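Here the structure is a predicted model, which means the values were calculated and not measured. Residue numbering restarts at 1 for every chain, and letters A, B, ... go by the order of the sequence lines. Excluded from the calculations below are hydrogen atoms, water molecules and symmetry mates; all remaining heavy atoms, backbone and side chain alike, are included.
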Protein chains: 2
Amino acid sequence: MAETTEQAPKTTRPSRARRREEILAAATRVFGSKGYHQGSLGDVAAQVGITHAGVLHHFGSKDKLLWEVLEYRDRVDVQHLEGKHIPGGMDLFRHLVLTARLNADRRGIVQAYAVLTGESVTDGHPASSWVAERFSVLRGEISQAVRDVAAERDVSLRDGEAERTAAAVIAVMDGLQLQWLLDPDAVDLAAATAAAIESILTATLGGPVDLVVED
Amino acid sequence: MAETTEQAPKTTRPSRARRREEILAAATRVFGSKGYHQGSLGDVAAQVGITHAGVLHHFGSKDKLLWEVLEYRDRVDVQHLEGKHIPGGMDLFRHLVLTARLNADRRGIVQAYAVLTGESVTDGHPASSWVAERFSVLRGEISQAVRDVAAERDVSLRDGEAERTAAAVIAVMDGLQLQWLLDPDAVDLAAATAAAIESILTATLGGPVDLVVED
DNA sequence: CGGGGCTTACTAACCGGTAAGTAAGTGTGG
DNA sequence: CCACACTTACTTACCGGTTAGTAAGCCCCG
């Protein structure tokens, strides 16, 4: 594969920042398609046309690269929000449904998330605390939205019901992603996610909800 | 009879069947705690006090060992059914809730399932077809149960709604397991699973469902 | 002309799998 | 009832391949 290293394809060598971004994008693809343990620094390096030592030059170690990949994913994930901060109340659930719809065309990122999340359950995995923290934050945000909407509608919630609902919403999104990744024809990610969230919310709030999104 | 001491095999070598079972149990622990790629044959072998070549003597290759581990998990998983075949109709959902309750005390098996399922999303993973097949069968069984219960109640389902509901039920179970594994204090596996399934079914069937299980 | 970006070269650790040897059991014919 | 043939259950040794990480040096750009 490394034929002639001779060639100056670009006018200048990419700047440090740009090169790092290239590597992060490549690492996302590699870790997403092969997992963290099975995806090697050599694989990542090959995708940007350098050697694995070149990658280490920028990130120091594989673990540090993973951490930056995870932060990078977060950045990309909220990119379409375009500055507007993460919504609350019923808009949060519309945002989740919209995200699922967008995800149906971003298989790579979804796969990276699924693989790393599953892998993080293994003992001492470098991503486990990141994933756990992420779940915790998400549960907090979503359960707050549940409480807000319930208050708005004068619905009283049982003890811990907001948290249970939040966990269920996250769970159904992750679980559907998994099934969709393994068999895209068997599961319509956007439709199934919307229907499931609607079911869960309707049951919790005791009345119909409107998740229609137009944009 | 009097002469031939039908001795308990304490000092003798374990029989083939027993040894294989020992190795399968060890492999379940290893793959569950470290994943398939990261868990080595040496790890498995050490747990039964032999070398990695000894493990290969019994199973031929690491891939074949994994396959038998997956079947082994299935066997253990339905063990509590005690001969009675997998139920249908509303009993199937009660069975799922019961399984979740039992799983809360079988962390190892749940972890193995979660890790291998997540890993299976990677390209060319030896377990991917097994997991995909498993999801497919489960969706089929559960969607049939949904249709049966709907017919029983004279509820008409929209096109593909039974399948969507089935996918959501599986998804919420898997997703909650993931969150529970990463933070057992934050999620009550049994309660959250029961509540989520009840929500989804209630929405699909347009009326209350009874998931109470006693045994 | 200096330093960052990168390569080449190397190391030490593992990995799964194979081959060959060995000790212990099992079956059987005389 | 036992000797001999054969099988089973491993072990030790080794192979080729892959891995992350280190060290040192080259080269191009500003």
Side-chain angles (χ1 to χ4, degrees), chain A residues 1-24 26-27 30-31 34-69 119 122 124-127, chain B residues 2-24 26-27 30-31 34-69 119 122-127:
Chain A
M1 54 185 86
E3 298 292 87
T4 52
T5 44
E6 190 60 39
Q7 75 199 32
K10 304 272 174 71
T11 55
T12 61
R13 191 162 43 191
S15 69
R16 176 170 186 82
R18 200 207 289 282
R19 190 57 125 185
R20 282 175 55 95
E21 191 125 346
E22 277 181 40
I23 295 173
L24 286 175
V30 169
F31 293 159
K34 308 178 75 168
Y36 173 71
H37 286 303
Q38 194 64 5
S40 71
L41 292 177
D43 295 333
V44 175
Q47 290 211 9
V48 292
I50 61 175
T51 64
H52 90 277
V55 173
L56 286 172
H57 168 71
H58 284 286
F59 292 93
S61 77
K62 197 188 182 187
D63 273 27
K64 286 184 195 152
L65 174 61
L66 172 62
W67 275 90
E68 299 225 28
V69 163
E119 223 179 340
T122 59
H125 194 281
Chain B
E3 193 63 41
T4 52
T5 50
E6 182 237 321
Q7 63 190 21
K10 288 205 170 127
T11 50
T12 63
R13 196 163 40 188
S15 72
R16 175 170 186 81
R18 198 205 291 283
R19 191 56 128 185
R20 280 176 57 96
E21 192 124 347
E22 275 181 42
I23 294 173
L24 285 176
V30 169
F31 292 159
K34 307 177 76 165
Y36 173 71
H37 285 303
Q38 193 64 7
S40 72
L41 293 176
D43 294 333
V44 175
Q47 290 212 10
V48 292
I50 61 176
T51 65
H52 90 275
V55 174
L56 286 172
H57 166 71
H58 284 286
F59 292 91
S61 76
K62 197 188 179 187
D63 273 28
K64 287 182 194 153
L65 174 60
L66 172 62
W67 275 88
E68 299 226 28
V69 163
E119 222 179 341
T122 58
D123 301 341
H125 194 281

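- Between A/Q38 atom CD and C/dC14 atom C1' the separation is 13 Å, expressed in whole Å.
- Considering CG of A/L41 and OG1 of A/T51, their distance stands at 10.5 Å, rounded to 0.5 Å.
- Note on A/R19: every side-chain N or O is 4.0 Å or more away from OP1 and OP2 of C/dG5.
- Put simply, CG on B/D43 and NZ on B/K34 are 4.0 Å apart, with the number rounded to the nearest 0.5 Å.
- Between the P atom of D/dT8 and the CZ atom of B/R20 lies a distance of 13 Å, rounded to the nearest Å.
- The distance from atom CD1 of A/I50 to atom CD1 of A/I23, rounded to the nearest 0.5 Å, is 4.5 Å.
- Between A/H57 and the phosphate of C/dC6, there is no side-chain N or O to OP1/OP2 separation shorter than 4.0 Å.
- Rounding to whole angstrom units, CG of residue B/L66 and C1' of C/dG16 are separated by 14 Å.
- Across the protein-nucleic acid pair, B/K62 atom NZ and C/dC14 atom P stand 15 Å apart, rounded to whole Å.
- Contacts with DNA chain C (heavy atom under 4.0 Å) in residues 45-55 of chain B: B/H52, B/A53, listed by number.
- Summarising the geometry, the separation between NE2 on B/H58 and C1' on D/dT11 is reported as 13 Å, rounded to the nearest angstrom.
- Between B/E22 and B/R19 there is a salt bridge, since a side-chain N of the basic residue sits under 4.0 Å from a carboxylate O of the acidic one.
- Of the possible donor and acceptor atoms, one in the side chain of B/E119 sits under 3.5 Å from a partner among the backbone N and O of B/Y36.
- By the ring-ring contact (aromatic ring centres under 6.0 Å, His included) test, B/H37 is found to be paired with B/H125, residues two or more places apart in sequence or in another chain being considered.
- Atom pair B/L65:CG and C/dC15:C1' shows a separation of 15 Å (rounding to whole Å applied).
- Listed for the A/K64 side chain is no donor-acceptor partner under 3.5 Å among the backbone atoms of A/L56.
- Contact check, B/H37 against C/dC15: no side-chain N or O comes under 4.0 Å of OP1 or OP2.
- Distance, A/D63 CG to D/dT19 P: 16 Å, rounded to whole Å.
- The distance between atom CG of A/L41 and atom P of D/dA20, rounded to the nearest whole Å, is 4 Å.
- Residue-level contact check: B/L56 touches the bases, meaning some heavy atom is under 4.0 Å from a base atom.
- Taking side-chain N and O atoms only, B/R16 has no distance below 4.0 Å to OP1 or OP2 of D/dT8.
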